[in-house]
Protein chains: 2
Amino acid sequence: MALRHAVLAALLDGEYSGYQLAKIFDLSVSNFWHAVPQQLYTELARLETEGLISGRQVIQHDRPNKRVYTVTQAGVDELERFAATPARPGIIRENLLVMVQAVDHLSAGPVIAQLEERAVASAAKIEVFERTLKHLRGDLDEETYLRSGSPIGPYLTCLRGLRFEQENHEWFTSTARLLRARAGAHAEEGEPP
Amino acid sequence: MALRHAVLAALLDGEYSGYQLAKIFDLSVSNFWHAVPQQLYTELARLETEGLISGRQVIQHDRPNKRVYTVTQAGVDELERFAATPARPGIIRENLLVMVQAVDHLSAGPVIAQLEERAVASAAKIEVFERTLKHLRGDLDEETYLRSGSPIGPYLTCLRGLRFEQENHEWFTSTARLLRARAGAHAEEGEPP
DNA sequence: TGGTACATGTAAGACGTTACATGATTTA
DNA sequence: TAAATCATGTAACGTCTTACATGTACCA
């Protein structure tokens, strides 16, 4: 029971439908919480029956109707309790790193290829984050926004996401280059795995 | 079905028991794969019945006997297949970032306290990583080891873990400081949340 | 002898993922 | 009219977490 808090935290930012939330989780929120759309639909239903969020139908003419949600006072109270509870250490699951861990015993080619693909993907994500930060702080420069801009929470988590993605990019790139170089050197000596 | 590959990758490094593996997963491997001890015991049993690892009993006199495992050829083949399959994007779950995301709507005190605790914890982890890297590369300097040292996989993933933890530390520290400063400023103006 | 580290296991329940299902509306 | 995007939901299945259970051996 921790997805609920991520959903509540995301909904503090404004009124969103399950579909919109799914896109938010796929971009910014995915940097600290992963969830697939189906999880969000079921969680939103549960949160509403528990009174932590309240939904309202929005009639749309240009596209299908939707149901948007806002956090209730009970929802904020729940987040407050959550924030006062010791956070479990974060968890990471990254298949690409599992592959690199094993790379001495495998053919390096596919691993290098995936590193290079992910380097491209993370470059794109970096741009998204940079645009998001710029959008969040509006006319203010970063220093000023950090001192007194609002809301600060989403800005800070986005900053963390940006740094993470920058490190990813750097690591993907340098690791791919390094493994390529080593594969080349081995080939010359005639000792591939 | 992906824990299995993390276990296989960890076992390539040497013969380990479930208990030893649990400690490895709690330290180095936790940087890219999270698993609790019970998961490892059940996964090891499954991997052995499937012939991807093979276990042997080790009689100990100073402490309880244990069962240690090594990766079979079938296990290496399975890893090879795994590495050739597109890796899913990595997933992260970090409650502390959920709290920061919501911090504008909550009392900042508990969140700041947790950021400061985690800053200490990540400093400790940084030291562990630095020692591990030093131990892995032995007499060689980093540049030389990266060029031709072996095994390179564990070194590279440990490097990624170190960078991640350094970024964590930096973010935890600066975010705590910033939230403290803002809380102080608000208090002076008399407008806490 | 009481605590800590070592060592492994079963089982229930919570949670997450995938497949399937449906349907409106816009754009190419 | 086919594909993409918007929009939501149920159900089956697989994975993870937690609680419970057990026992050895060392050290204070």
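All values below were derived from every heavy atom in this structure, side-chain atoms included, with hydrogens, water molecules and symmetry-related copies excluded.
In this structure, B:R147 pairs ionically with B:E143, as a charged nitrogen and a carboxylate oxygen lie closer than 4.0 Å. Note on B:R67 versus B:E48: salt bridge recorded, some NZ/NE/NH1/NH2 to OD/OE distance being below 4.0 Å.
Among pairs with a residue in residues 22-31 of chain A, those fulfilling side-chain hydrogen bond (donor to acceptor under 3.5 Å, both in side chains) read A:S30-A:K125, at least two apart in sequence or across chains. Within the structure, side-chain hydrogen bond (donor to acceptor under 3.5 Å, both in side chains) pairs that include any residue of residues 50-64 of chain B comprise B:R4-B:E50, B:E15-B:R56 (at least two apart or interchain).
Annotation: side-chain hydrogen bond (donor to acceptor under 3.5 Å, both in side chains) contacts of A:D13 (sequence neighbours excluded): A:Y16.
Whole-Å rounding puts the A:R56 CZ to D:dA7 P distance at 13 Å. For the pair A:N65 CG and D:dT5 C1', the interatomic distance rounds to 16 Å; values are reported in whole Å. Put simply, CG on B:L40 is 13 Å from C1' on D:dT17, counting in whole angstrom units. Rounded to an integer number of Å, the gap from B:D26 CG to D:dT17 C1' is 15 Å. Protein atom CG of A:L47 is 13 Å distant from nucleotide atom P of D:dG9, rounded to whole Å. Whole-Å rounding puts the B:Q57 CD to C:dA7 P distance at 11 Å.
Checking A:Q60 against B:R67, the closest nucleotide of DNA chain C that is more toward the 5' end is the one next to B:R67.
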inquiry  = Would B:V29 and B:L21 count as a side chain to side chain contact (heavy atoms under 4.5 Å, CB included) here? Give the steps.
reply    = CA-CA 9 Å; B:V29 174; B:L21 217 44; over 6 Å; no

request  = Would you please test A:L162 and A:I126 for side chain to side chain contact (heavy atoms under 4.5 Å, CB included) and show each step?
outcome  = CA-CA 6 Å; A:L162 173 62; A:I126 287 169; 3.8 Å; yes

Nucleotide N/O to protein N/O under 3.5 Å, stretch nucleotides 14-17 of chain C:
unit_1, atom_1, unit_2, atom_2, d
C:dC15, OP1, A:M1, N, 2.3
C:dG16, OP1, B:R93, NH1, 3.4
C:dT17, OP1, A:H34, NE2, 3.4
C:dT17, OP2, A:Q39, OE1, 2.6

Please tabulate, one pair per line, each protein N/O and nucleotide N/O from nucleotides 26-28 of chain C that are separated by under 3.5 Å, including the distance.
unit_1, atom_1, unit_2, atom_2, d
C:dT26, OP1, A:D62, O, 3.1

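An OP1 or OP2 oxygen of C:dC6 is reached within less than 4.0 angstrom by a side-chain nitrogen or oxygen of B:Y19. An OP1 or OP2 oxygen of D:dC6 is reached within less than 4.0 angstrom by no side-chain nitrogen or oxygen of A:Q20. For the pair B:K23 and C:dC6, the criterion of a side-chain N or O lying under 4.0 Å from OP1 or OP2 is met. Here A:Y41 reaches the OP1 or OP2 of D:dT8: one of its side-chain N or O atoms lies under 4.0 Å away.
Direction change of the helix axis from one end of the helix from C:dT1-D:dA28 to C:dA28-D:dT1 to the other is 30°, with five pairs defining each end axis (rounded to 10°).
Below 30°, between 30° and 60°, or above 60°: for B:F82 and B:H5 the angle between ring planes is below 30°, a parallel geometry. Under the 30°/60° scheme for interplanar angles, the aromatic rings of B:F164 and A:F164 are found to stand perpendicular.
Judged purely by atom type and a 3.5 angstrom limit, A:T175 has no side-chain atom pairing as donor or acceptor with the backbone of A:F172.
Counting all heavy atoms, side chain and backbone alike, B:I112 lies closest to B:A176 at CG2-O, 4.2 Å.
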